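Working notes, structure below.
Being a predicted model, the structure only gives us computed values, none of them experimental. First listed ligand is number 1; within each ligand, the first listed atom is number 1.
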Amino acid sequence: MASGSAIRGVRIGSGPMRPIERGEPAPRRSVTYWCAGGHANPILLAADVPPPATWDCPRCGQPGGLDAANPPGPARPEPYKSHLAYVKERRSEADGEAILAEALAALRRRRGEV
Ligand SMILES: [Zn+2]
């Protein structure tokens with residue numbers, strides 16, 4: 001019969017013997033991080049690495065710390081600023097006028113207007 005399926009029904013637990021797992025799993029420990037939103041997030045870490053100082057909360061995204069009574073503040077305390085707002089912090093209005101005049105002069109030179 002050519003129509004026989006090559007894949008036979010296989011149940012979990014049937015089939016060839018699996019190799020016996022050897023060795024102990026790496027030792028781990030649970031470290032709990034607390035965020036400003038009051039979430040407690042236990043994280044499993046390898047026992048031989050020092051826990052990082054902060055761990056972002058998977059529920060609200062704020063950084064969590066190891067001290068439940070004193071969680072770190074929100075990641076971005078500053079309100080969002082536009083690109084233009086940052087430029088205006090660095091440059092004064094007069095700077096802007098000078099840069100604009102310079103750019104216009106260069107443009108006119110290139111066009112052969114001057
Ligand atoms: Zn949180």
With rounding to the nearest 0.5 angstrom, report the [atom1] to [atom2] distance, [X] to [Y].
X      : Y      : atom1 : atom2 : result
Glu97  : Ser92  : CD    : OG    : 9.5 Å
Leu107 : Leu100 : CG    : CG    : 10.5 Å
Arg91  : Leu84  : CZ    : CG    : 13.0 Å

*Can you name the nearest heavy-atom pair linking Pro63 to Thr54, along with the distance?*
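Looking at all heavy atoms of both residues, the closest pair is CB-CB, 4.4 Å.
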*Should Lys81 and Glu89 count as an ion pair when the cut-off is N to O under 4.0 Å?*
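The answer is yes: the pair qualifies as a salt bridge.
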Side chains of residues 28-47: which donor-acceptor partners sit under 3.5 Å, not counting sequence neighbours?
unit_1: Arg29; atom_1: NH2; unit_2: Val49; atom_2: O; d: 2.6
unit_1: Tyr33; atom_1: OH; unit_2: Pro52; atom_2: O; d: 2.6

*Under-2.8 Å neighbours of the Zn ion (ligand 1), protein N/O/S atoms only*: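 With waters ignored, the protein N/O/S count below 2.8 Å is 4.
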